[in-house]
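For reference, positions follow the sequence shown, starting with 1.
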Amino acid sequence: MKIELDNDNIMVEEIEVKEDSSSIFIIPKETLDEEQVAQGKVIESSDEKYKADDVVLFHKVIPVDVNLKYNSEEMKSYWFVQKKDIICKIII
């Protein structure tokens, strides 16, 4: 299956944020509990700025999430996020 995204949408697989004191990027637990933001790995993008495997932090304003089997992998949950809802790209 090939997915072509339109309208500045980005397909993201959510990454669980772990509390790790060695990290320099810490998201407060309260923010995560209220589901205001999430961290994810880019799978597909309609914007050249975001490439596959980039890690992004995004607002979960009006999330569009789907469960699908992508590239013959097991069924997973993916988010379709608009470019304007991405807060930053995390480069390590």
Side-chain angles (χ1 to χ4, degrees):
M1 172 183 2
K2 173 84 173 125
I3 295 178
E4 292 184 13
L5 300 169
D6 292 326
N7 303 322
D8 291 330
N9 283 297
I10 297 165
M11 182 178 171
V12 177
E13 180 180 357
E14 190 168 1
I15 298 172
E16 181 181 340
V17 179
K18 298 177 182 170
E19 289 188 28
D20 180 0
S21 60
S22 66
S23 175
I24 59 169
F25 195 81
I26 298 171
I27 302 168
K29 186 174 178 351
E30 298 78 25
T31 303
L32 292 172
D33 287 347
E34 294 175 14
E35 296 191 352
Q36 296 173 359
V37 298
Q39 185 174 325
K41 178 176 78 170
V42 174
I43 304 300
E44 296 281 341
S45 174
S46 64
D47 188 300
E48 293 179 5
K49 181 177 181 178
Y50 302 101
K51 308 283 185 222
D53 295 326
D54 282 348
V55 176
V56 295
L57 184 68
F58 60 95
H59 286 284
K60 289 171 74 175
V61 183
I62 304 174
V64 176
D65 62 329
V66 295
N67 294 313
L68 58 93
K69 191 181 253 189
Y70 180 68
N71 285 344
S72 302
E73 293 182 15
E74 62 188 55
M75 188 73 72
K76 291 185 181 178
S77 181
Y78 295 95
W79 296 88
F80 289 91
V81 180
Q82 288 193 330
K83 179 180 156 184
K84 68 178 180 60
D85 293 324
I86 293 185
I87 300 166
C88 65
K89 180 165 52 170
I90 302 170
I91 302 169
I92 302 174

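Here the straight-line distance linking atom CZ of Phe80 with atom CD of Glu44 works out to 9.0 Å at 0.5 Å rounding. Annotation: the span from Lys41 atom NZ to Ile90 atom CD1 amounts to 14.0 Å, rounded to 0.5 Å. In this structure, the separation between SG on Cys88 and CD on Gln39 is 8.5 Å, given to the nearest 0.5 Å. Note: Ile10 CD1 to Asp54 CG = 9.0 Å, rounded to the nearest 0.5 Å. The distance from atom CG of Leu5 to atom CD1 of Ile43, rounded to the nearest 0.5 Å, is 11.0 Å.
Side-chain atoms of Lys51 and Val42, non-hydrogen and from C-beta on, never get closer than 4.5 Å to each other.
Residue Val56 comes nearest to Lys89 through the heavy atom pair CG1-CA, 4.2 Å, listed as atom of the first residue, atom of the second, then distance. Between Asn9 and Gln82, the closest heavy-atom pair is OD1-CG, 3.4 Å. Considering all non-hydrogen atoms of both residues, Phe58 and Gly40 come closest at CE2-N, 3.9 Å.
Looking at residues two or more places apart in sequence or on another chain, you find no salt bridge (charged side-chain N to carboxylate O under 4.0 Å, His left out) involving Lys49.
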